[in-house]
Amino acid sequence: EAQLKSVPVTPLYYGIAADSGPELREIIDKALAECDVVLLTGGVSMGDFDFVPAIMQEAGVSLFFKSLAIQPGKPTVFGRKDDTFIFGLPGNPVSSFVLFEMMVRPFLLSLMGSISKPVALQLPMGVDYARRKSVRKTMIPVIIRNSEVFPAEYHGSAHIQAYTVANAMMVLEIGTHFVSKGEKVHVRPL
């Protein structure tokens, strides 16, 4: 809700749905009837209780995609029913936060007529940085200090505390394993 209010839009909160198809369908139907854009968090992955994509389709939503090659946030769903758009974001707090900033915020602003693009900076790394896997585009919490980029302590997509100290996200493209100190990286201020 805080992220939505910062856009600014007025959120309607529908509560937490149980891991039950009928209850989730009721909430989705109500939200689709009452909102221009619906945001769901959780239930979009491949687990036994991840009903969101199937229930969105049951509700008449045309799905545009069911996953993204990004980290965090691979299990993300987006679709439309009539004039209402619907995002199914991962339930993990970091994934939801990052995807809101990378996708939902710009989408909402464009629906509101904004032609501005998110601020994107190219700044040098303050230290060497390495990652093990590079098969997905990755957003990493960072701190911009003295016009240099420093990774925040970050232990993965459940580590929401990393974003309490970060003031930006570094975006690493697929295939980037290592960034040298002084090398310029793409950074998106928060």
Side-chain angles (χ1 to χ4, degrees), residues 1-9 11 37 39-47 50 64-78 85 87-112 114-190:
E1 284 185 69
Q3 283 177 291
L4 285 167
K5 289 176 182 176
S6 73
V7 171
V9 297
V37 178
L39 297 179
L40 305 169
T41 57
V44 295
S45 194
M46 301 298 236
D50 292 327
F64 299 130
F65 57 80
K66 289 187 189 178
S67 72
L68 301 169
I70 63 171
Q71 181 181 5
K74 180 180 178 182
T76 297
V77 182
F78 177 67
F85 295 95
F87 287 89
L89 303 178
N92 192 300
V94 170
S95 299
S96 289
F97 176 84
V98 167
L99 285 166
F100 184 92
E101 294 303 322
M102 297 298 288
M103 295 178 62
V104 178
R105 179 184 301 278
F107 181 79
L108 293 172
L109 289 171
S110 71
L111 286 180
M112 296 166 64
S114 174
I115 57 171
S116 66
K117 302 235 186 244
V119 174
L121 305 173
Q122 283 205 343
L123 296 172
M125 286 295 292
V127 294
D128 289 342
Y129 180 80
R131 65 180 177 149
R132 287 179 282 147
K133 297 180 182 177
S134 66
V135 295
R136 291 186 271 164
K137 183 176 194 170
T138 302
M139 279 65 77
I140 297 159
V142 295
I143 300 158
I144 299 173
R145 187 172 55 240
N146 298 325
S147 299
E148 290 185 309
V149 177
F150 297 89
E153 184 178 341
Y154 180 57
H155 303 289
S157 59
H159 191 190
I160 192 68
Q161 293 86 352
Y163 278 92
T164 65
V165 297
N167 59 9
M169 285 187 292
M170 174 172 63
V171 180
L172 295 179
E173 297 298 330
I174 293 171
T176 302
H177 289 282
F178 186 81
V179 181
S180 300
K181 179 180 179 178
E183 186 177 343
K184 289 195 174 181
V185 292
H186 296 283
V187 181
R188 190 178 217 178
L190 296 172

Any idea which heavy atoms bring [X] and [Y] closest together, and the distance?
{"X": "Pro8", "Y": "Met112", "result": "O-CE, 3.6 Å"}
{"X": "Ala168", "Y": "Ile144", "result": "CB-CD1, 3.7 Å"}
{"X": "Met125", "Y": "Ser180", "result": "CB-O, 3.7 Å"}
{"X": "Pro11", "Y": "Leu4", "result": "CB-CD1, 3.6 Å"}
{"X": "Tyr154", "Y": "His159", "result": "CA-ND1, 3.4 Å"}
{"X": "Val149", "Y": "Met170", "result": "CG1-SD, 4.4 Å"}

With a 4.5 Å cut-off on side-chain heavy atoms, are [Y] and [X] touching?
{"X": "Arg188", "Y": "Leu121", "result": "no"}
{"X": "Ile140", "Y": "Tyr129", "result": "yes"}
{"X": "Phe65", "Y": "Val77", "result": "no"}
{"X": "Ser134", "Y": "Leu172", "result": "no"}
{"X": "Ile174", "Y": "Val135", "result": "no"}
{"X": "Val37", "Y": "Leu111", "result": "yes"}
{"X": "Leu99", "Y": "Leu68", "result": "yes"}
{"X": "Met139", "Y": "Met102", "result": "yes"}

- Message: Applying side-chain contact (heavy atoms from CB on, under 4.5 Å) to Met169 and Val142, what does each step give before you reach the verdict?
- Response: CA-CA 6 Å; Met169 285 187 292; Val142 295; 5.7 Å; no

- Measuring from Met103:CE to Leu89:CG, what's the distance to the nearest 0.5 Å?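 Answer rounded to 0.5 Å: 8.0 Å.
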
I'd like to know if the side chain of [X] reaches the main chain of [Y], judged simply by a donor and an acceptor atom lying under 3.5 Å from each other, with no hydrogens or angles considered.
{"X": "Thr41", "Y": "Pro90", "value": "no"}
{"X": "Arg131", "Y": "Thr176", "value": "yes"}
{"X": "Asp128", "Y": "Lys181", "value": "yes"}
{"X": "Thr138", "Y": "Arg136", "value": "yes"}

- Item | side-chain hydrogen bond (donor to acceptor under 3.5 Å, both in side chains) assessment of Glu101 paired with Gln3 | CA-CA 8 Å; Glu101 294 303 322; Gln3 283 177 291; 2.9 Å; yes

- Message: Checking Val7 against Arg105 for the side-chain contact (heavy atoms from CB on, under 4.5 Å) test, could you report, in this order, the C-alpha distance in whole Å, the side-chain angles of both residues, the deciding distance, and whether it holds?
- Response: CA-CA 7 Å; Val7 171; Arg105 179 184 301 278; 3.9 Å; yes

- Not counting sequence neighbours, which residues clear ring-ring contact (aromatic ring centres under 6.0 Å, His included) with Phe97? List them please. Tyr163

- Task: Could you pull out all residues at least two apart from Phe107 that satisfy ring-ring contact (aromatic ring centres under 6.0 Å, His included)?
- Result: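 So Phe107 forms a ring-ring contact (aromatic ring centres under 6.0 Å, His included) with Phe78, Phe85, Phe87.
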
- Message: What verdict does the side-chain contact (heavy atoms from CB on, under 4.5 Å) test give for Ser95 and Lys74, after you've listed the backbone C-alpha separation in whole Å, the side-chain angles of each residue and the deciding distance to 0.1 Å?
- Response: CA-CA 9 Å; Ser95 299; Lys74 180 180 178 182; over 6 Å; no

- Task: Could you check Val171 against Lys137 for side-chain contact (heavy atoms from CB on, under 4.5 Å), going step by step and ending with a plain yes or no?
- Result: CA-CA 7 Å; Val171 180; Lys137 183 176 194 170; 3.4 Å; yes

